[in-house]
Amino acid sequence: MLDIKYVRENIDHVRSKMEERGQDIDLDKFSELEQKRRDILQEVETLRSERNTVSKEIGTRKKNGEDASELIKRMSEVSGRIKTLDDSLKEAEAALNEIIMIIPNLPHESVPFGTGEEDNPVVREWGEKPAFDFEPLPHWDIGENLNILDFARGAKITGARFTLYRGAGAMLERALINFMLTMHVSEHGYTEVLTPFMVNRESMTGTGQLPKFEEDLFKITGTDYYLIPTAEVPVTNIHRDEILDEHDLPIHYVSYTPCFRAEAGSYGKDTRGLIRQHQFNKVEMVKFSKPETSYEELESLTLNAEEVLKRLGIHYRVVNLCSGDLGFSSAKTYDLEAWMAGQDAYREISSCSNFEDFQARRAGIRFRREETGKVEHVHTLNGSGLAIGRTVVAILENYQQKDGTVVIPDALIPYMNGVDIITLDK
RNA sequence: GGAGGGAUGGCCGAGAGGUCGAAGGCGGCGGUCUUGAAAACCGUUAACCGAAAGGUUCGCGGGUUCGAAUCCUGCUCCCUCCGCCA
C-alpha cells in the first residue's frame, strides 16, 4: 500500500498516477475519511492524556492516604467517552483502510504511458524465430502426438485447465525445474527455498493479492488458507514483520513452487494447451533490497531470467509494461515474451517487477540503516525464472521437427537423463 | 484426538494492578585504554502516529478498573507428554 501521509500530502500527484493506470479511485473519499480519522484521533488522544496524568495523581494520593474519590469519579466519565470515541475511531480506520488497501502502486517515472498490452514498448530482443520447411504445430498437437501431454485425462481427473504429463513430458518439466534452480543458485547466487504451498490471509494481504483479488484465488474450505498463485507470496512473506540487518541486504531467493490460479474472467481465453492452467509450475526469484539499489536489482533480475531463455536457445523479447498494463502492486515490470512458433506469437514467459516499498509497507518488512540508525522499508522485487509450463510450450513448438519429434536443447540434456530427442512413446 | 506449559525490545530474559516503555544480559553504536586490535571499563541503543505537546504498542481481540505487561475471557501460534500417522 501507499504511505497514507504521502497520499495526503501529494494527492494531486497520486490522482494523476491513478489516471495513468486507468484506475478510478475515489481520492476525495480518501481525504474525507483521513481527515475524519485525524479529528477523532486528536480528540481521543487529548482525553487519554488527561486520563494518564490524573490516574498517576490518583495513585500518588492513594499512596499518601489522601482522598481521590472526586478524581476517580471524573475519570470514570472520561473513560466512558474514550470508549465511545475509540469505537468511532476504529470505524473510521476501517473505512480508510478499505480504500488505501485497494489503491495500486504508483508507476515509476520510466514506465511509459499506455492503456493496454499493445502499448508496451519492446526494450530489446534476443535470437531469431526458428525457420521451418513445414507448418509448425501448436504444442497441444505435438504433445498429444508424442503421448507426453494428456489433456483429456487431466480434465477427467480434475477438470478443465488441468493436464496430465507423461513419460518424457513429465521428465522435461522436472528437468526444467532443476535446470533453472541449479543455474540461479550456482551461477546467479540465489539461495534456494522450498515453501508451504498454502498461505494464510495475512501473507496474501502482504503481497497484495488480498483484499482486492480474492476471486483469482483458490481457498481451502474450512480453513483460513489459500493455495498460492505464485511463490512470490510465501517467499516475500518469509520476512514479514521483521527488521532486517542492513548487512544482509540484498537478499536473493529462488524457489520452485506449483502455482494455483482460479483464472476468473478468462473463460474462452487460451482454452487449449498449457498456456493457461489452474495449476502450473514456476521457478521464482525474489529479492529484498535497499531502496537506492532496487532498480539495478530489477535489471539484473531480468537478465537472470533472460539467461534461461538464452541457454535454451529460445528467441524472446523484453517489453516494458505501460502504465495501463502494470500489475496492482508493481511500480515497474519487464515482461519476457518467448517466441512460440506453433502459435506464431510471442507469449509471456516471465514477469519481473519492482514493487518498491509497496509490499514491504503492507507486510512490515524493514531494515535499520546504520548511517542514520533509522528503520526503513526495504524494496521487494520478483521475477519468474521461468514459468515451467510455458517453457515446455516454447521448447515443443520451437524445437519440433517434420517427423513430429522434438529435439532437446543441449543445455537441458544433462538434466534429461541423457535424452536428447523426444520420440513417440507408446 | 487427550493432558499440561508458554508467547515481553534486534536476540535472550525479569516483571504478578500505579512513577514500567519495561531490570539484567547478549548484540549494535560512541568513547577511555592500546602502535593497532582484543579484553576491561564508561556511556548509549525499541517501533508506530504526530510539526510539537502528546498518544499507542508486552502474541491477537473483548472485558474488569480512575489506572492493566500484570486480573477475567475468547482466539492464534509454539513447546512437552500420551494416542494416531507419511
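Numbered from 1 within each chain, the chains take letters A, B, ... in sequence-line order. Computed from a prediction, not measured in an experiment: that's the story for all the values here.
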Considering Watson-Crick and G-U wobble pairs with both distances under 3.5 Å, what does [N] pair with?
N	value
B:U32	B:A40
B:C20	none
B:A52	none
B:G59	B:C75
B:G10	B:C26

Inter-nucleotide [atom1] distance ([N], [M]), Å rounded:
N	M	atom1	answer
B:U44	B:G50	C1'	25 Å
B:A37	B:G31	P	11 Å
B:G54	B:U65	P	29 Å
B:C11	B:G63	C1'	33 Å
B:C60	B:C77	C1'	10 Å
B:U8	B:U70	C1'	11 Å
B:C33	B:A39	C1'	11 Å
B:G27	B:C84	P	47 Å

Inset, instruction - Hey, can you tell me if A:F288 and A:H239 have their rings parallel, tilted or perpendicular (30° and 60° cut-offs)? - result: perpendicular
Starting the side chain at C-beta, find the nucleotide from [options] nearest to [X].
X	options	answer
A:L41	B:C66, B:G55, B:C49	B:C49
A:S79	B:U56, B:C48, B:G67	B:G67
A:K83	B:C66, B:A46, B:U64	B:U64
A:R8	B:G54, B:G18, B:G50	B:G50
A:S76	B:G61, B:A47, B:C66	B:C66

Measuring to OP1 and OP2 of [N], would you say a side-chain N or O of [X] lies under 4.0 angstrom away?
X	N	answer
A:K374	B:C29	no
A:N52	B:G54	no
A:R61	B:C66	no

Inset, instruction - Going by the side-chain contact (heavy atoms from CB on, under 4.5 Å) test, name the single residue among A:R390, A:E348, A:E284, A:M285 that passes it with A:S384. - result: A:E284
Inset, instruction - With A:P104 as reference, evaluate A:I25, A:L2, A:L326 under the side-chain contact (heavy atoms from CB on, under 4.5 Å) test and give the passing residue. - result: A:I25
Rounded interatomic separation in angstrom, taking [atom1] from [X] and [atom2] from [N]:
X	N	atom1	atom2	answer
A:E43	B:U56	CD	P	15 Å
A:I4	B:C48	CD1	C1'	12 Å
A:R369	B:U45	CZ	C1'	19 Å
A:D87	B:G61	CG	P	14 Å
A:N200	B:C60	CG	P	16 Å

Legend entry - is_close_aromatic(A:F197, A:F260), centroid dist under 6.0 Å: no
Using a heavy-atom cut-off of 4.0 Å across all strands, would you classify [X] as base, sugar-phosphate, or nothing?
X	value
A:K5	sugar-phosphate
A:R366	sugar-phosphate
A:R51	sugar-phosphate
A:V375	sugar-phosphate

Is it true that [X] and [Y] have a side-chain N and a carboxylate O under 4.0 angstrom from each other?
X	Y	result
A:D270	A:R161	no
A:R61	A:E57	yes
A:D150	A:R153	yes

Legend entry - Residue mapping more 5' on RNA chain B - nearest nucleotide basis, A:R48 or A:I58: A:R48
Legend entry - Contact nearer the 5' end of RNA chain B, comparing A:S55 with A:I243: A:I243
